[in-house]
Amino acid sequence: MQFSLLHRLYNSPTLRIIAPYYSRIRFKNMSTEKPNGSSAKNPISANPKVNQFQQVFHSESTTTNGWDKCWEEELTPWDLGRPTPVLVHLHNTGSLPKGRALIPGCGSGHDVVAIASSDLHVVGLDISENAIKKATELCSESPKMDHVSFLKTDFFTWCPAQLFDLIFDYTFFCAIEPKLRSLWARKMSDLLKSDGELITLMYPIDDHEGGPPYKVSVADYEEVLHPLGFKATQIVDNELAIAPRMGREKLGRWKRSTSQSSL
Ligand SMILES: C[S@@+](CC[C@H](N)C(=O)[O-])C[C@H]1O[C@@H](n2cnc3c(N)ncnc32)[C@H](O)[C@@H]1O
């Protein structure tokens with residue numbers, strides 16, 4: 001009886017319409033979670049699944065082993081189990097460059113498969129063998145498999161034969177140690193065609209300590225990208241962020257200036 005009432009409520013069209021707004025208001029008003037992060041009980045440091053992941057990750061002798069172990073034990077609190085909504089939106093609205101795309105730290109590969117098409121070949125790269133195994137399994141069930149490649153390799157040492165028109169970074173920048181951020185930018189620059197585009201979904205913009213994920217800010221990206229000539233063409237709040245990340249995520253689109261002096 002109770003279940004059937006709840007079930008009917010859950011499935012009611014009115015509730016489905018108001019739920020996303022309610023959840024946004026609720027997250028905005030939560031006293032422990034301020035949008036820009038200055039909270040006693042940060043949603044990352046207070047998340048037991050993140051704590052468990054960090055414990056296992058740091059117990060391994062190398063970061064490569066740490067990532068792989070966590071994928072093996074399915075300690076992957078970042079994994080949405082589906083493509084990133086804002087990336088799907090950019091794909092569906094024809095807002096992504098065509099040609100070749102790279103997703104470093106692709107994890108289970110949902111984003112790779114989501115944006116692959118006959119116009120865009122997408123390479124998913126991850127240092128974890130278990131992640132790549134999972135991604136390859138996902139891809140084997142997809143009709144898009146001809147437009148996708150997965151590679152188990154280290155982003156920082158990989159030198160592909162062909163450059164990219166697009167690189168998409170989501171929860172990769174925050175996954176690497178902050179001291180590697182300049183190298184991250186250098187590698188992005190080396191892997192992109194001169195008119196290629198870097199899209200960063202910047203998360204988590206807050207003030208928690210430690211990682212991964214390490215806290216990020218727009219200034220952190222600017223600090224390493226500006227010296228290489230990248231300028232943001234757009235930085236906006238991600239209105240399509242999943243509810244727990246809402247208010248702590250921004251979409252950044254970056255290009256290098258291609259204008260040359262005629263003198
Ligand atoms: C936080 S997860 C994000 C996965 C995916 N982007 C997502 O949003 O679900 C970071 C991923 O980066 C991978 N990774 C970490 N360091 C790497 C490196 N140097 N080269 C390639 N992948 C790396 C990890 O194995 C992990 O799958």
Side-chain angles (χ1 to χ4, degrees), residues 43-44 47 49-54 56-58 60-88 90 101-116 122-139 148-160 164 166-188 190-191 198-204 208 210-216 238 240-242 244-245 248-251:
I44 287 187
N47 184 333
K49 286 186 179 159
V50 175
N51 292 337
Q52 209 189 346
F53 151 73
Q54 288 176 345
V56 172
F57 178 81
H58 290 297
E60 292 293 316
S61 55
T62 64
T63 54
T64 305
N65 291 351
W67 288 113
D68 204 38
K69 184 82 178 163
C70 291
W71 277 107
E72 186 186 354
E73 297 198 359
E74 299 188 351
L75 289 171
T76 54
W78 59 82
D79 190 11
L80 303 186
R82 65 188 166 104
T84 306
V86 71
L87 184 64
V88 173
L90 294 175
L102 171 68
I103 303 189
C106 67
S108 54
H110 288 279
D111 286 343
V112 175
V113 174
I115 62 168
V122 190
V123 177
L125 178 156
D126 205 288
I127 206 162
S128 158
E129 194 158 353
N130 282 305
I132 290 298
K133 201 169 145 215
K134 209 170 154 75
T136 309
E137 278 165 18
L138 174 82
C139 169
V148 165
S149 318
F150 285 109
L151 280 177
K152 183 228 161 292
T153 191
D154 185 341
F155 169 75
F156 293 101
T157 53
W158 184 53
C159 296
F164 292 92
L166 164 69
I167 304 184
F168 176 67
D169 183 306
Y170 187 31
T171 61
F172 180 56
F173 184 86
C174 71
I176 58 168
E177 283 182 49
K179 68 178 181 202
L180 293 176
R181 288 176 179 177
S182 298
L183 272 180
W184 169 92
R186 178 79 262 163
K187 196 69 192 172
M188 289 294 181
D190 290 348
L191 292 172
L198 171 64
I199 301 185
T200 57
L201 198 46
M202 300 178 272
Y203 168 83
H208 75 277
Y214 298 95
K215 65 185 172 190
V216 308
N238 180 15
L240 295 177
I242 60 162
R245 299 182 189 180
R248 295 182 298 134
E249 197 163 274
K250 286 184 193 288
L251 180 75

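Atoms within each ligand, like the ligands themselves, are counted from 1 in listed order.
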Original post:
Is it true that atom NZ of Lys187 has more than 12 heavy atoms of other residues, nucleotides or ligands lying nearer than 6.0 Å?
Top reply: yes
Original post:
Counting both backbone and side chain atoms, is some N or O of Thr171 under 3.5 Å from an N or O of ligand 1?
Top reply: yes
**OP:** Classify the ring geometry between Phe173 and Trp184 as parallel (under 30°), tilted (30 to 60°) or perpendicular (over 60°).
**Re:** perpendicular
Original post:
Which of the atoms of ligand 1 are close to Leu125, meaning less than 4.0 Å from one of its heavy atoms?
Top reply: 21 (C)
Subject >> Part of Asp68 within contact of ligand 1 (heavy atoms, under 4.0 Å) >> reply: neither
Original post:
Would one find an N or O of Phe156, backbone or side chain, under 3.5 Å from an N or O of ligand 1?
Top reply: no
**OP:** Considering only non-hydrogen protein atoms, determine which one is nearest to atom 4 (C) of ligand 1 and report residue, atom name and distance to 0.1 Å.
**Re:** Gly105 O, 3.2 Å
**OP:** Would you mind running through ligand 1 and noting each atom that sits below 4.0 Å from a heavy atom of Ser128?
**Re:** 25 (O)
Subject >> Trp71 to ligand 1, any heavy atom closer than 4.0 Å >> reply: yes
Subject >> Pro85 side chain reached by Leu80 side chain, heavy atoms, under 4.5 Å >> reply: yes
**OP:** Run the numbers for me: atoms of ligand 1, each under 4.0 Å from some heavy atom of Thr153, listed by number.
**Re:** 20 (N), 21 (C)
Original post:
Do the non-hydrogen side-chain atoms of Leu191 and Pro160 ever get within less than 4.5 Å of each other?
Top reply: yes
Original post:
Should Leu138 and Phe150 count as side-chain neighbours, where that means a heavy-atom distance under 4.5 Å?
Top reply: no
**OP:** Could you pull out, from Tyr203, Phe172, Phe53, Phe155, the option with a heavy atom nearest to atom 23 (C) of ligand 1?
**Re:** Phe172
**OP:** Among all protein heavy atoms, pick the one closest to atom 19 (N) of ligand 1 and tell me residue, atom and distance.
**Re:** Asp154 OD1, 2.9 Å
Original post:
Hey, does Arg248 have a side-chain heavy atom less than 4.5 Å from the side chain of Tyr203?
Top reply: yes
Original post:
Which protein heavy atom lies closest to atom 27 (O) of ligand 1, and at what distance to 0.1 Å?
Top reply: Asp126 OD2, 2.7 Å
Original post:
Given side chains that start at C-beta, do those of Met188 and Phe155 come closer than 4.5 Å, heavy atoms only?
Top reply: yes
Original post:
Does the ring centre of Trp71 sit less than 6.0 Å away from the ring centre of Phe53?
Top reply: no
**OP:** For the residue pair Pro213 and Val50, establish whether any side-chain heavy-atom pair is separated by less than 4.5 Å.
**Re:** yes
Original post:
Going by the atom numbers of ligand 1, which of them fall below 4.0 Å from some non-hydrogen atom of Trp78?
Top reply: 1 (C), 2 (S), 3 (C), 4 (C), 7 (C), 9 (O)
**OP:** Determine, using heavy atoms of Asp111 and all atoms of ligand 1, whether some pair is separated by less than 4.0 Å.
**Re:** no
Original post:
Which ligand 1 atoms, with their elements, are less than 4.0 angstrom from a heavy-atom of Ala175?
Top reply: 10 (C)
Subject >> Within-4.5 Å side-chain heavy-atom neighbours: Asp79 and Lys134 >> reply: yes
**OP:** Name the closest protein heavy atom to atom 15 (C) of ligand 1, giving the residue it belongs to and the distance to 0.1 Å.
**Re:** Trp67 NE1, 3.2 Å
**OP:** Just need the protein heavy atom nearest to atom 22 (N) of ligand 1, so name the residue and atom and give the distance.
**Re:** Ile127 N, 3.1 Å
